[in-house]
Amino acid sequence: MQFGIFSVGDVTPDPTTGRTPTERERIKAMVAIALKAEEVGLDVFATGEHHNPPFVPSSPTTMLGYVAARTEKLVLSTSTTLITTNDPVKIAEDYAMLQHLADGRVDLMMGRGNTGPVYPWFGQDIRQGINLAIENYALLHRLWREDVVNWEGKFRTPLQGFTSTPRPMDGVPPFVWHGSIRSPEIAEQAAYYGDGFFHNNIFWPADHTKRMVEFYRTRYAHYGHGTPEQAIVGLGGQVFMRKNSQDAVREFRPYFDNAPVYGHGPSLEDFTDQTPLTVGSPQQVIEKTLSFREYAGDYQRQLFLMDHAGLPLKTVLEQIDMLGEEVVPVLREEFAKGRPATTPEAPTHRSLLAAAQEPGAGEEVSAA
């Protein structure tokens, strides 16, 4: 399994001090978080994409390219790449360029985002969100796999004899996850292409996550990519830790109560009871995260949200130290127990390249 951090890059006042970081400070903090993730032995850092306040990551490939130059092993990913409002041609070229700069340490997560006004800002209609996701990804998928593309669709100008440059590294496109919270159409899309499905379940109860993941696994097998158990699944998580659970609850409560997304809503106790949020000791985080397998099956990627709601950078880095030193080593060991040999590992450039070089792989890709 892969374990890592994802950030949405919110610029939120610290409710305990009233201070709001500058945009520069927040951007630099995200870089520091990525570097800390590699330092403590995590596998992945993923940044969101937003084009509105109070968020700063409007250019994920710029940030990830900078992080690539300062890391050696970390997989660089996105927690949302807006497939609905970005031009698929630009996505194809930007992420292929990043892939070369990072020596293949790149994948990305397609998503529609959760900000309605972004659609007209980029000339699109939110009522076409699902259709945009389907058509734009169909084009992106071809741009990375065909040297010359002729294409015509509903939402952009036609392409005649077009070649996206640079071509994917070693002829192998970055692995794609399709992220969704509640849209079965996106799980269907991930299954159709044999891509990964990431259920960002941080706001949802286990029974909802179970339905979405089971639907994706069933459809993955329907399209002939393997058994349901061989489908590629990722999950979100959200934690705040202190050695003493009471200290964790007391320290995190003001951040929870004033968080941009769920603040002034359910109580902290209700939210931790009904969603994957864990506020407590490292052992409590371990136990709750291990429970995800009970309803999602054996899966490939676990990302944690650690830096939201105005938490100061010093605190976030302390949290990542605890995650890397006390939590993830145990999770790796425990998740490996009883894991069937047929369960695939999380895809990497190396594993995708090896699969592409197997006899008959070209025919399978063409058929897909």
key: Residue pair D107 / R301, side-chain heavy-atom distance below 4.5 Å   = yes
query = So does K210 have more than 12 non-hydrogen atoms from other groups sitting under 6.0 Å from NZ?
reply = no
query = Would you call K36-E39 a salt bridge at under 4.0 Å N-O?
reply = yes
message = Could you check whether F304 and F6 have their ring centres less than 6.0 Å apart?
response = no
Indicate every side-chain donor-acceptor pair of residues 54-65 with a distance under 3.5 Å to a residue at least two apart or in another chain.
| from | atom 1 | to | atom 2 | distance (Å) |
| --- | --- | --- | --- | --- |
| S59 | OG | T62 | OG1 | 2.5 |

request  = Scan side-chain atoms only and decide if Y223 and E188 contain a donor-acceptor pair under the 3.5 Å cut-off.
outcome  = yes
ask   = In terms of side-chain heavy atoms, does E287 have a donor or acceptor partner in Q283 at a distance below 3.5 Å?
value = yes
key: By salt bridge (charged side-chain N to carboxylate O under 4.0 Å, His left out) - contacts of D170 (at least two apart)   = none
request  = Check whether any side-chain N or O of N258 sits under 3.5 Å from a backbone N or O of P254 as a donor-acceptor pair, and report yes or no.
outcome  = yes
query = In terms of ring plane angle, is the pair F252 and F240 parallel, tilted or perpendicular, where the classes change at 30° and 60°?
reply = parallel
Heavy-atom side-chain contact between Q300 and E345 under 4.5 Å = no
inquiry  = Using the ring-ring contact (aromatic ring centres under 6.0 Å, His included) criterion, which residues pair with Y119? Sequence neighbours excluded.
reply    = none
remark   = Nearest heavy-atom approach of T80 to E49 is O-CB, 3.3 Å
ask   = Is a side-chain donor or acceptor of E318 paired with a backbone partner of R242 at a separation under 3.5 angstrom?
value = no
task = Let me know which of V75, T348, I232 forms a side chain to side chain contact (heavy atoms under 4.5 Å, CB included) with F175.
result = I232
message = Check this for me, if you would: do D147 and R142 make a salt bridge, where the nitrogen-to-carboxylate-oxygen distance has to be below 4.0 angstrom?
response = no
task = May I ask you to check whether H178 and Y216 place their ring centers less than 6.0 Å from one another?
result = no
query = Is any NZ, NE, NH1 or NH2 atom of the basic residue among R253 and E269 found under 4.0 Å from an Asp or Glu carboxylate oxygen of the other?
reply = yes
key: F215 side chain near T218 side chain, heavy-atom distance below 4.5 Å   = no
ask   = If you measure only the distance, is there a donor-acceptor pair under 3.5 Å linking the side chains of D125 and Q128?
value = no
request  = Can you label the angle between the Y299 ring and the F292 ring as parallel, tilted or perpendicular, going by 30° and 60°?
outcome  = tilted
inquiry  = Check whether W144 reaches the backbone of A92 with its side chain - one donor and one acceptor, N or O, closer than 3.5 Å.
reply    = yes
query = Just checking, is any N or O donor in the side chain of Q319 or D307 under 3.5 Å from an acceptor N or O on the other one?
reply = no
key: Distance-only polar pair, side chains of T12 and Y255, donor-acceptor under 3.5 Å   = no
query = Is the closest basic N to carboxylate O distance between R217 and E229 below 4.0 Å?
reply = no
request  = May I ask you to say whether R250 pairs ionically with D247, meaning some side-chain N is under 4.0 Å from a carboxylate O?
outcome  = yes
query = Is the closest side-chain heavy-atom distance between L143 and F162 below 4.5 Å?
reply = yes
task = Could you tell me whether R293 and E334 have a side-chain N and a carboxylate O separated by less than 4.0 Å?
result = no
key: N-O pairing of D10 and R26 below 4.0 Å   = yes
task = Provide the closest heavy-atom pair for D298 versus T343 in the form atom of the first, atom of the second, distance.
result = CB-CG2, 3.9 Å
message = Under a plain distance cut-off of 3.5 Å, with no hydrogens placed, do R105 and T71 share a side-chain donor-acceptor pair?
response = yes
query = Taking the side chain from Q230 and the backbone from T227, do they hold a donor-acceptor pair closer than 3.5 Å?
reply = yes
request  = Report yes or no: does T275 contribute a side-chain atom to a donor-acceptor pair with the main-chain N or O of F271 at less than 3.5 Å?
outcome  = yes
